[in-house]
Amino acid sequence: MVKSDQQLTAPPFPLPVLSPTINSVESAQADGDLAIALRSLSAWYGSFQALRDVTMAVLRQRITAIIGPSGCGKSTLIRCLNRMNDLIPGFRLTGQVLFDGQDIYSKRVDPVDVRRRIGMVFQKPNPFPKSIYENAAFGPRINGYVGNLDEIVERALLLAALWDEVKDKDKLHKSALTLSGGQQQRLCIARALAVEPEVILMDEPCSALDPVATLKIEDLMRELAQNYTIVIVTHNMQQAARVADSTAVLMMNEDRAGELIEYGPTREVFTNPKEKRTEDYITGRFG
Amino acid sequence: MHQDVALGRLSRVRRPGPLQARLRRGREAVVYGVLLLCALVSVFTTLAIVAALLEEIWAFFDEVSLIEFFTDTQWTPLFRDQHFGVLPLLSATLLMSLGAMLVALPLGLAAAIFLSEYAPAGLRAVVKPVLEVLAGIPTVVYGYFALQFITPEIVRPLFTEAGPFNAASASIAMGIMTLPLVSSLSEDAMRAVPQTLREGAYGLGANRFEVALRVVVPAALSGIMAAAILAASRAIGETMIVTIAAGNMPNLSWNPLEGMQAMTAYIVQVSLGDTPRGTIEYSTIFAVGMLLFLLTLLLNIAAQWLLHRFREVYE
Amino acid sequence: MIGAAALRRRMAVRRGTGAVFLALCFAGTCIAIAVLAVLLVTVTRDGIDRLSWGFINSFPSRHPEQAGIKAALFGTLWMMGFTALFAVPLGIGAAIYLEEFAPHNWLSRVIETNINNLAGVPSIVYGILGLAVFVRAMDLGRSVLAGSLTMALLILPIIIVASREGLRAVPPSIREAAIAVGATRWQTVRFQVLPAALPAIMTGVILALSRAIGETAPLIMIGALLFVPFTPGSPLDRFTVLPIQIFNWVSRPQPEFAENAAAGIIVLLVVLLSMNALAVFLRNWFERSRRW
């Protein structure tokens, strides 16, 4: 099927105007805008290689989206950023993940500290089967934060735009499982925010939600991006286009390992991709 | 949305310092060690069982040769004329376990097939807990039942030559005791057979009976065999039923209507008496215990192997 | 080729065999349930007349009509208390190790295989172990403590298996959520996984304890007494338990003692069945309230 240039370069959805100018590790470092840098990251589950040689930069207080067809290693990649993959037997990786200039996989780094500074929100809302309050309070509590816990909980829920819906004393101490899916996911965001992370990783946070709840989360992300660095994995290209400042495209190579094929400001990736494969993917001819 | 909060970061709280982090790591290591020790208790238990058996067994085999142990047809350690042939005990144990399997396997399998292939969910929900109750009844109760009901009400009216203590009653009671084990493990195995296999057979025009017997049972066979072996092992190790119902006379016989003494019953008999430690009579219980341990261990390993193979196919 | 008549005949035969087979399977199930009914009826018929407050509140006696189960009841209570004290923390700890911490290495495999095999060791062999280790080597004598330790080892595999199933039923997403906010493994287990698994674990613990209450053989081995006219006052006292008291009565020739045995069995079964009912209730309640 042949398409004209016009069709190829115009994605079927609006793009954010905002776009960062920096897209390489080196130039970002120079600007002090770098939150996380990946250098030649490769990852394996047992003998299966899931990622090959990924190098990219995550900018401070920006939203970085990772998109790509299913099975391309998006989730593996984002879970490398806070060492969640450590829990999976047989997982290993080479390369570096630099956070504030330090390799989070170095022997001297405690993964527990990493995860406190780099929070995570998952695909399906996974609140603890406890009260709303206990969900938000759990992180600060176990991390030995000093301060008024009620206050921390309230502020985290405010930040996650959930406070108004649960501020009732009764409601606050009701089981989190009584909330709707979208509310549960915002509670999970609040739970992550309560430990004061610097980065929030979101692994397809809206895949289990309806469109209204999805929009609400997207608004929230834009709000949070003013103070937090956000990395989001999504299979929904429109979502990446709507919220992300920069976008990375991952794709499987011949032996099924994920490779980074394109990375840059979202607008550029969507309107003027350098790679033919990106173009095919975005226009829906693949994946 | 409260703008003042929403725009700021949470920043009033203090972070834990490096000291806390070190404490945390230390605590984590201690917890790991304690939990590992908990898990190792089971290994120590096995080692202790083997050590306890071996410790006394040397004394026994110093005086009794293995050949005598396994070939002499009399077991009379507690009499003046001592013989140490384990065959009467061993054959009694095997005979009664075989009898138990003759009861447990057909009934247990029938129940398993009924529950897995025929019974509606509602009926299953009632029948399964009832069978579980059967499994939870103490063996001393089954012993009572065998002695006070099965023998006088069933076995002796049918076979007038049967004595008040006989192997048949003990077998029947052990069969009932192991029935729930057979039925629940077999049912698990049959339910693990993928639905697609059944659908395939139905598609070829098979009816329920043919699907159950020609497709499901063969597919679940290794699981069913494991259930049977575990049940046999349970019967071999069963103590109270045989002690109460089968009598305490070592008797090398294949007649289930006679009284006979199983290995476990002999161990009970000795420990009820005042056999002093250090005598050969005392050490016999360890020799018999070791044989019992090895026998059941062998059966268990076989069952585990079968179950493992079964899971490899279907899970 | 088969003729239409032959085909019809064959179909009829197939249907007939199917019906017979179903009838057989149904009959097998019915027999199993009927046996349970007969057992309960027999025991009740034999023992119900003997059941009285005097029976429950009397010590054993040479005169069957004066004998009771007070010592056995107290002995059972003492022993179960200590058995639970040892077995529950050890069992849950081992289960947590195997489910949440154990690396995939040879040691974990050894432990797992070992637990599977221990579950199949005859109870009387545990009695031999208790006799050699607790009664003799540790010199605890034929005491409540020796009995409880033996019983604890006996039910340990059951508790471990049940607790592991309970832990496995907690979805991994709960663990991920806790880990992701900076919880250590132990904090994850202690504050999230274990509370969520607790109802299932408790069900297993109750069933394991009910198994221990009914066990006779290992306690005979370690020498729990057949005739105990007192209740234990400390864990180092000698003791008897309900099943042993029943065994004592069963093995006497006089029919009056058989009646005592039946009455004792009624008490034992009432205790066990209520524990079973409690476990089933807990399991159902747990399954209904779980909503992850």
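Just so it is clear, the model here is predicted, and its values are computed rather than measured. In what follows, chains are A, B, ... by sequence order, proteins preceding strands, each numbered from 1.
For L90(C), the parts lying near chain B are the backbone and the side chain together; criterion is any non-hydrogen pair under 4.5 Å. For T184(C), the parts sitting under 4.5 Å from any heavy atom of chain B are the backbone and the side chain alike. Only the side chain of L268(C) comes within less than 4.5 Å of a heavy atom of chain B; its backbone N, CA, C and O stay farther away. Using a 4.5 Å cut-off between heavy atoms, L153(C) touches chain B through its side chain atoms alone. P89(C) touches chain B through its backbone: at least one of N, CA, C or O sits under 4.5 Å from a heavy atom, while the side chain does not. Proximity to chain B is absent for every atom of L207(C), based on heavy atoms less than 4.5 angstrom apart. Only the side chain of R136(C) comes within contact range of chain B, judged by heavy atoms closer than 4.5 Å. With a 4.5 angstrom heavy-atom cutoff, E56(B) does not touch chain C via any of its atoms. Neither the backbone nor the side chain of I92(C) comes within less than 4.5 Å of any heavy atom in chain B. Heavy atoms of R211(C) lying under 4.5 Å from chain B are absent altogether. Heavy atoms closer than 4.5 Å to chain B are found in both the backbone and the side chain of T17(C). For L39(C), the parts sitting under 4.5 Å from any heavy atom of chain B are the backbone and the side chain alike. Using a 4.5 Å cut-off between heavy atoms, V280(C) does not touch chain B at all. If you measure heavy-atom distances from L131(C) to chain B, the contacts under 4.5 Å come from the side chain alone.
Chain C forms more heavy-atom pairs under 4.5 Å with one residue of M290(B), E132(B), R277(B), E117(B) than with any other, namely R277(B). When I111(C), L24(C), V125(C) are compared by the number of non-hydrogen pairs under 4.5 Å with chain B, I111(C) comes out ahead. For chain C, the option among F293(B), F209(B), F286(B) with the highest count of heavy-atom pairs below 4.5 Å is F209(B). Ranked by heavy-atom pairs under 4.5 Å with chain C, the list E210(B), R25(B), R234(B), E238(B) is led by E210(B). In terms of heavy-atom pairs under 4.5 Å with chain C, the best-connected choice from L134(B), V130(B), V34(B) is L134(B). Chain C forms the most heavy-atom pairs under 4.5 Å with one residue out of L115(B), L36(B), V43(B), and that residue is L36(B). Heavy-atom pairs under 4.5 Å with chain B were tallied for V38(C), L118(C), N114(C); the largest tally goes to N114(C). The residue among A261(C), S210(C), G18(C) with the most heavy atom pairs within less than 4.5 Å of chain B is G18(C).
For E112(C) and R164(C), the salt-bridge test passes: some basic side-chain N is under 4.0 Å from an acidic carboxylate O. Between R45(C) and E259(C) there is no salt bridge, since no side-chain nitrogen of the basic residue lies less than 4.0 Å from a carboxylate oxygen of the acidic one.
A donor atom on one side chain and an acceptor atom on the other are not found under 3.5 Å apart for T113(C) and N116(C). The closest side-chain donor-acceptor pair between Y266(B) and T284(B) falls under 3.5 angstrom.
One distance of note links OG of S274(C) with CD1 of I206(C); it measures 10.5 Å at 0.5 Å rounding. To the nearest 0.5 Å, atoms CD1 (I229(B)) and CG (L299(B)) are separated by 6.5 Å.
For F281(C), the CZ atom sits in a loose shell: 12 or fewer heavy atoms of surrounding residues, nucleotides or ligands are nearer than 6.0 Å.
The aromatic rings of Y32(B) and F101(C) sit perpendicular, their planes meeting at an angle over 60°, well past the 30° parallel limit.
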